[in-house]
Colleague: 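Structure incoming, see below.
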Amino acid sequence: RAERGLTLDELAKRAGVSRSMLIQIEQKRVNPTLAILVRLAQALDVGLAELVELGRQRRVRVISRNDVVQLWSSPGGGSGRLLVGSDQLDHIEFWDWRLEPGDVNEAEAHVMGTAEILHVLDGDLALEVDGESHAATSGESVVFSADADHSYGNHGTRPLHVFMIVITPPAVKTVTPGGDPRLGGA
């Protein structure tokens, strides 16, 4: 936020997050939800990996297993771990999702043009996109437009293991007098 010259109020408005939540996040007094982190990354025009500091951009990066960030967990032991992300022109993230029987992860719509690619390693995926249900099982893959509300669920009796790639297009850049072109205006 400071690098972009944004006040708490400006970032709060862009991200649709309360000012008090931003203060708590910056002071490391709260663990924000994945949805809040995604909104903050979009408002700052950075990838989620850059926001949670998975390393600096280089020609080649090796991400240590100790640097992988878990951003979602369920009471039953499920988890969503951001393995690595790229902050090139398109933001690309690679995820490892494990959902225990009964787990559901609700995701808000991403920015227009975002796509997700899922590959089911084990178990049965129950995917809902914009109110429509889809299923995929071990060895199957799914590609969908993630710019609508969606959820991933495990309605089966055995653990579900999914690899996911999220591809977010670059933000539309506009310049207004006194505005930062990297941030879409003033």
Side-chain angles (χ1 to χ4, degrees), residues 11-18 21-22 25 30-52 69-87 89-174 184:
L11 181 56
K13 182 179 178 184
R14 287 179 187 212
V17 174
S18 73
M21 174 59 78
L22 288 177
I25 292 169
V30 66
N31 288 325
T33 65
L34 181 55
I36 288 174
L37 289 174
V38 167
R39 288 196 306 246
L40 288 171
Q42 291 170 348
L44 292 167
D45 193 26
V46 299
L48 193 54
E50 183 178 346
L51 188 64
V52 297
V69 180
Q70 182 170 306
L71 295 173
W72 177 83
S73 63
S74 74
S79 64
R81 299 179 325 131
L82 178 59
L83 299 174
V84 67
S86 168
D87 286 305
L89 186 58
D90 288 339
H91 303 300
I92 301 172
E93 301 164 358
F94 183 46
W95 289 82
D96 177 9
W97 283 90
R98 295 172 189 267
L99 283 77
E100 294 299 319
D103 279 349
V104 175
N105 179 296
E106 304 277 338
E108 294 179 359
H110 300 296
V111 297
M112 187 64 70
T114 299
E116 292 189 13
I117 302 169
L118 306 170
H119 180 74
V120 181
L121 296 165
D122 194 28
D124 299 307
L125 170 68
L127 175 68
E128 187 170 304
V129 179
D130 204 18
E132 188 175 322
S133 296
H134 306 273
T137 190
S138 298
E140 294 183 325
S141 299
V142 180
V143 178
F144 70 96
S145 297
D147 49 17
D149 290 344
H150 52 284
S151 67
Y152 322 94
N154 180 356
H155 304 310
T157 58
R158 61 188 175 139
L160 169 65
H161 188 192
V162 176
F163 278 157
M164 174 173 60
I165 296 172
V166 180
I167 305 164
T168 306
V172 176
K173 314 263 192 260
T174 59

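Here the structure is a predicted model, which is why all the values come from computation and not from measurement.
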Colleague: So which heavy atom on Arg158 is nearest to which on Ser138, and how close?
Modeller: NH2-OG, 3.8 Å
Colleague: Is it the case that Gln70 and Trp72 place a side-chain donor and acceptor less than 3.5 Å from each other?
Modeller: no
Colleague: So how far is it from Leu40 CG to Leu22 CG, rounded to the nearest 0.5 Å?
Modeller: 5.5 Å
Colleague: What's the shortest heavy-atom distance between Leu11 and Ala43, and which atoms?
Modeller: CD1-CB, 3.8 Å
Colleague: Is there a side-chain contact between Glu116 and Tyr152, using heavy atoms and a 4.5 Å cut-off?
Modeller: yes
Colleague: Let me confirm one number: the NE2-CD1 distance from His119 to Ile165, rounded to the nearest 0.5 Å.
Modeller: 10.5 Å
Colleague: Looking at Asn154 and Leu160, what are the two nearest heavy atoms and their distance?
Modeller: ND2-N, 3.3 Å
Colleague: Report the C-alpha separation of Leu118 and Trp97 in whole Å, then their side-chain angles, then the decisive distance to 0.1 Å, and conclude whether the side-chain contact (heavy atoms from CB on, under 4.5 Å) test is met.
Modeller: CA-CA 10 Å; Leu118 306 170; Trp97 283 90; 5.8 Å; no
Colleague: Which atom pair, heavy atoms only, marks the closest approach of Gly153 to Leu99?
Modeller: CA-CD2, 4.0 Å
Colleague: Decide side-chain contact (heavy atoms from CB on, under 4.5 Å) for Val166 and Ile117; before the verdict, give the C-alpha distance in whole Å, the side-chain angles of both, and the deciding distance to 0.1 Å.
Modeller: CA-CA 7 Å; Val166 180; Ile117 302 169; over 6 Å; no
Colleague: Between atom CG of Leu82 and atom CD of Glu93, what is the distance when rounded to the nearest 0.5 Å?
Modeller: 5.5 Å
Colleague: Would you say the side chain of Ser145 lies within less than 4.5 Å of the side chain of Thr114, judging by non-hydrogen atoms?
Modeller: no
Colleague: With rounding to the nearest 0.5 Å, note down the distance linking CG in Leu127 to NE2 in His150.
Modeller: 8.0 Å
Colleague: Ignoring hydrogens, what is the shortest heavy-atom contact between Ala148 and Val129? Give both atom names and the distance.
Modeller: CB-CG1, 4.5 Å
Colleague: About how many Å separate CG of Asp130 and CG of Asp147, when rounded to the nearest 0.5 Å?
Modeller: 9.0 Å
Colleague: Should His110 and Gln42 be marked as a side-chain contact (heavy atoms from CB on, under 4.5 Å) after you check the CA-CA gap, both sets of side-chain angles, and the distance that decides it?
Modeller: CA-CA 9 Å; His110 300 296; Gln42 291 170 348; 4.0 Å; yes
Colleague: Pairs of donor and acceptor atoms involving the side chains of residues 102-109, under 3.5 Å and at least two apart or interchain, shall be tabulated with distances.
Modeller:
residue: Asp103; atom: OD1; partner: Ser74; partner atom: OG; Å: 2.9
residue: Asp103; atom: OD2; partner: Ser74; partner atom: OG; Å: 2.8
residue: Asp103; atom: OD2; partner: Glu100; partner atom: N; Å: 2.7
residue: Glu108; atom: OE1; partner: Arg39; partner atom: NH1; Å: 2.9
residue: Glu108; atom: OE2; partner: Arg39; partner atom: NH1; Å: 3.0

Colleague: Do you see a donor-acceptor pair shorter than 3.5 Å between the side chains of Thr137 and Asp124?
Modeller: yes
Colleague: Please report the closest heavy-atom contact between Gly156 and Pro101, naming both atoms and the distance.
Modeller: O-CB, 3.3 Å
Colleague: Please state whether the rings of Phe163 and His161 are parallel, tilted or perpendicular, taking 30° and 60° as the class boundaries.
Modeller: perpendicular
Colleague: Would you say that Ile36 contacts Met21 through its side chain, given a criterion of any heavy-atom pair below 4.5 Å between the two side chains?
Modeller: yes
